[in-house]
Amino acid sequence: MLKDLLEARLAPALRAAGAPEGSAVALTVSTKPEFGDYQMNGAMGAAKRLKRPPRELAEAVLAHAQLEDLVSEASIAGPGFINLRLRESVLEEQLSTFTTRVLDPKAPSREAGRVVIDYSSPNLAKEMHVGHLRSTIIGDALARCFAHAGWEVLRQNHVGDWGTQFGMLLAYLNTLETGDGAPAAEAELADLEQFYRKAKARFDEDPAFAALSRETVVKLQQGDPTCRAAWQRFIDVSLSHCEALYGRLQVTLTRKHVRAESAYNDALAGVITALRDRGLLTESEGAQCVFLEEFKGKDDAPLPLIVQKSDGGYLYATTDLAAVRYRCDDLEADRALYLVDKRQGLHFKQVFAVAEAAGFITRPCSFEHMPFGTMLGEDGRPFRTRAGDVVKLADLLDEAERRAEVLVAEKNPDLDAAARTEIAKAIAIGAVKYADLSKHRNNDYVFSWDAMLSFDGNTAPYLQYAYSRIQSLFTRAQVAPEALSAGLSLGAPQERSLALTLLRTEDVLTQVREQGLPHLLCTHLYEVATAFTAFYEHCPVLSAPEERLRDQRLALAHCCGETLRQGLELLGIPVVQRM
RNA sequence: GCGCCCGUAGCUCAACUGGAUAGAGCAUCGGCCUUCUAAGCCGAGGGUUGCAGGUUCGAGCCCUGCCGGGCGUGCCA
């Protein structure tokens, strides 16, 4: 990539100019087009450490750097910025292999490794609501990004299927089925949210039922066959609800990615034993705990990670420790990413630290909590409807598709109903996902129907629109992209700018994987689409003065279209040929 | 009390990890459809980056102290 090319020349020059070992080149995209294409800021940083005048060092760097074949202009500005303008031939050469080198998923990958991505992980006791959107969508985008770069991706849907609440739900299911018969149960299960609420109400008002619920949990965890069978049926129904949503959202999770909490049940006792063998286990107030030096609670009191309750029951820390072992030993992951709410930050810090101390991390594997913020309502409180309920994911998608269909019908009345619905779905999914993906995951964010279902400005439909315009160019020109052989023209500023933007894609994708931040890709694709639109407005393609120029511009448009298509696909957002 | 996160334009968010004059979208105002899709484009206004210090050639970003908000802090997940 461009940045690598330049860095390969600048890093030795920086050393040759006398900069200390490990000095960063600090190459960034120019803040202003007038300055050039890229700027190197590292001379100033190195000069500070050397206590030398920064401009002098910058000059020395330029004197040592061999840049002639890459750069047409190099100059020093301000306190010691080195501004670089790339040769057009370099851009053209890089771009000519861009789609096969960077975009093609079958391109020889420069990264190889195995990454576990733990995401979505809904609680099967309830229906999925908008709060599950973030983990599901961000995780899925990351899974796609890693897979694209050549990683082996192991999706792990760590669904909650084993908590205390399942006793209650099973007991309720049982009363329905032994009462008026099975049809009632079937009907009730169709709406898990209702089902949960009714079971909870019964639990709260009927002590006998509450007692039965608690017995049921014990029976379930002991492996009682009848109980297990009922539980399995409930889980199946709930999972099929999730799958329906994954399908609608075009999320890549399937049943084979489910690795539920219950799957670790048999490993929990082993976790306790192993901790005891390592001398890490301490009994405190009746519970089995691990105390590590680095974790302090109130008044500097030691803060435990409780792994077994005083009644003998295990906790989610125990399950997560078992999952660490599984992901490390059995899955042999190099990285394990946890897309989980940031409120669990301390929990994962403790779990990972205990796993390390216990020797559970038996091979070089990086365990990383990738936290995300809470979805808030417009009042700044955790998101609820007016009635105090959560918004169901299914309802959000229904509304998104409804609004999109109205808009498509209005913008493009000639489409037949089938095409209209298909386009509306793509737009709806895109808008909903992009609204979430385009924000920095670490921050809380405000849910707004209108913002989430907006189709104007920095939204997925804007990107999809740019793509469909490119497709339209090819439809009208009646040329296949593969047939273009005139090379590229990058003379116009808009052409050059679009090329430069496209050539940043690889760096962006690397950063997305390193930091687990898909919003960087959103921002980049928006810049691509913006650069394309400027090009489209200023550089006539089909009516270009010469056929050669037309073909060159078509080639550039094709590069851009492929970037948008592939980029959107990495975000899990479909493109459409027309809209 | 302690710990983590956050505070950026009226609103919603960015800012390539310390770089040049802090950028987008929505909203507001003005302009552009007999030439490739107006879901678009061009332009305008809008900022003491919560406050006060400090570090340095340079701070939204780092350090200190305040103010304000969220979350977490032993047997739920």
Side-chain angles (χ1 to χ4, degrees), chain A residues 3 26-32 35 39 41 44-45 47-48 53-55 77-81 83 121 123 160 162-165 261 284-289 295-301 303-311 313 315-317 319-320 341-347 349 371 373-374 376 378 380-382 407-408 410-412 427 435 438-440 442-446 448 450-451 454-459 461-462 464-466 468-470 472-473 476-477 504 507-508 511 515 519-520 522-524 526-527 530 533-534 536-538 540-544 550 553 557 578-579:
Chain A
K3 208 170 169 177
L27 188 73
T28 64
V29 173
S30 291
T31 50
K32 301 249 184 264
F35 296 154
Q39 60 184 52
N41 304 327
M44 293 177 288
K48 181 188 281 189
R55 277 192 79 107
F81 296 101
N83 288 326
S121 308
N123 179 350
W162 207 237
T164 319
Q165 50 207 327
E261 285 177 359
S284 169
E285 299 173 30
Q288 297 301 320
C289 305
F295 298 105
K296 304 277 196 212
K298 294 183 177 102
D299 304 323
D300 252 17
L303 185 70
L305 182 70
I306 304 181
V307 292
Q308 191 171 22
K309 297 192 280 187
S310 45
D311 68 3
L315 295 106
Y316 75 135
T319 307
D320 279 336
D341 191 295
K342 70 175 176 186
R343 284 172 292 192
Q344 294 192 36
L346 178 59
H347 166 72
K349 226 178 190 171
T374 311
L376 305 175
E378 294 186 61
R381 305 293 311 160
L407 189 70
V408 174
E410 180 189 310
K411 298 271 187 192
N412 208 338
I427 290 172
S438 61
K439 290 166 173 54
H440 197 300
N442 193 41
N443 298 336
D444 291 347
Y445 89 99
V446 177
S448 142
D450 287 339
S454 163
F455 306 131
D456 298 320
N458 186 359
T459 62
Y462 178 84
Q464 292 166 319
Y465 184 59
S468 72
R469 282 173 140 184
I470 293 167
S472 170
L473 286 177
R476 286 176 170 271
R504 265 188 256 142
D507 291 333
V508 172
Q511 218 181 341
Q515 305 182 26
H519 85 277
L520 297 173
C522 292
T523 304
H524 179 251
Y526 181 66
E527 281 166 7
T530 303
T533 308
Y536 186 84
E537 295 282 334
H538 291 93
V541 178
L542 300 181
S543 57
R550 183 201 75 158
R553 287 183 171 165
R578 51 182 180 156
M579 60 187 280

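A, B, ... follow the sequence lines: proteins, then strands. Residue 1 opens every chain. Note that this is a predicted model, so its numbers are computed, not measured.
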Hey, does [X] reach any base, or is it just sugar-phosphate, or nothing, if we go heavy atoms under 4.0 Å?
X: A/Ala47; answer: nothing
X: A/Asn442; answer: sugar-phosphate
X: A/Asn83; answer: base

For B/rC41, the Watson-Crick or wobble counterpart (both distances under 3.5 Å): B/rG31

For B/rG1, the Watson-Crick or wobble partner whose two distances fall under 3.5 Å: B/rU73

Side-chain heavy atoms of A/Phe455 within contact of A/Lys411, under 4.5 Å: no

Heavy atoms of other groups near A/Lys3 NZ, more than 12 under 6.0 Å: yes

Over 12 non-hydrogen atoms of neighbours within 6.0 angstrom of CZ in A/Arg578: no

Each nucleotide N or O in nucleotides 55-59 of chain B that has a protein N or O under 3.5 Å away: list the pair and distance.
from: B/rG58; atom 1: O6; to: A/Lys48; atom 2: NZ; distance (Å): 2.7

Donor-acceptor under 3.5 Å (A/Lys439 side chain, A/Ala435 main chain): yes

Check: A/Asn442 main-chain N/O paired with A/Lys342 side-chain donor or acceptor under 3.5 Å: yes

Parallel, tilted or perpendicular: ring planes of A/Tyr462 versus A/Tyr526, cut at 30 and 60 degrees: tilted

Rounded to whole angstrom, note down the [atom1] distance from [N] over to [M].
N: B/rA14; M: B/rA9; atom1: P; result: 13 Å
N: B/rU49; M: B/rG68; atom1: C1'; result: 16 Å
N: B/rG7; M: B/rG60; atom1: C1'; result: 11 Å
N: B/rC2; M: B/rC66; atom1: P; result: 9 Å

Intermediate values then yes/no, side-chain contact (heavy atoms from CB on, under 4.5 Å), A/Tyr465 and A/Thr533: CA-CA 10 Å; A/Tyr465 184 59; A/Thr533 308; over 6 Å; no

d(CZ, A/Phe81; C1', B/rG18) in whole Å: 10 Å

Separation of B/rA24 P from A/His519 NE2 (nearest whole Å): 16 Å

Point-to-point distance, once rounded to the nearest 0.5 Å, from [atom1] of [X] to [atom2] of [Y]:
X: A/Gln511; Y: A/Asp507; atom1: CD; atom2: CG; answer: 8.0 Å
X: A/Asp456; Y: A/Leu407; atom1: CG; atom2: CG; answer: 8.0 Å
X: A/Thr374; Y: A/Asp341; atom1: OG1; atom2: CG; answer: 5.0 Å
X: A/Ser438; Y: A/Leu520; atom1: OG; atom2: CG; answer: 11.5 Å

N/O donor-acceptor pair, side chain A/Glu261 with base B/rA77, under 3.5 angstrom: no

Nucleotides 27-44 of chain B: protein proximity per nucleotide (B base, S sugar-phosphate only, - neither; heavy atom, under 4.0 Å): ---------BBSBSS---

Candidates B/rA15, B/rA20, B/rC16 - which lies nearest the side chain of A/Val29: B/rC16

Glycosidic class, syn or anti, of B/rC33 using a 90° window around 0: syn

Nearest heavy atoms of A/Ala544 and A/Arg553, plus distance in Å: CB-NH1, 4.4 Å

Can you check nucleotides 71-75 of chain B for protein contacts, nitrogen or oxygen pairs under 3.5 Å, and list what you find?
from: B/rG74; atom 1: O6; to: A/Glu285; atom 2: OE2; distance (Å): 3.1
from: B/rG74; atom 1: N1; to: A/Ser284; atom 2: OG; distance (Å): 2.6
from: B/rG74; atom 1: N2; to: A/Ser284; atom 2: O; distance (Å): 3.0
from: B/rG74; atom 1: N2; to: A/Ser284; atom 2: OG; distance (Å): 3.0
from: B/rC75; atom 1: O2; to: A/Ser310; atom 2: N; distance (Å): 2.9
from: B/rC75; atom 1: N4; to: A/Glu285; atom 2: O; distance (Å): 2.6

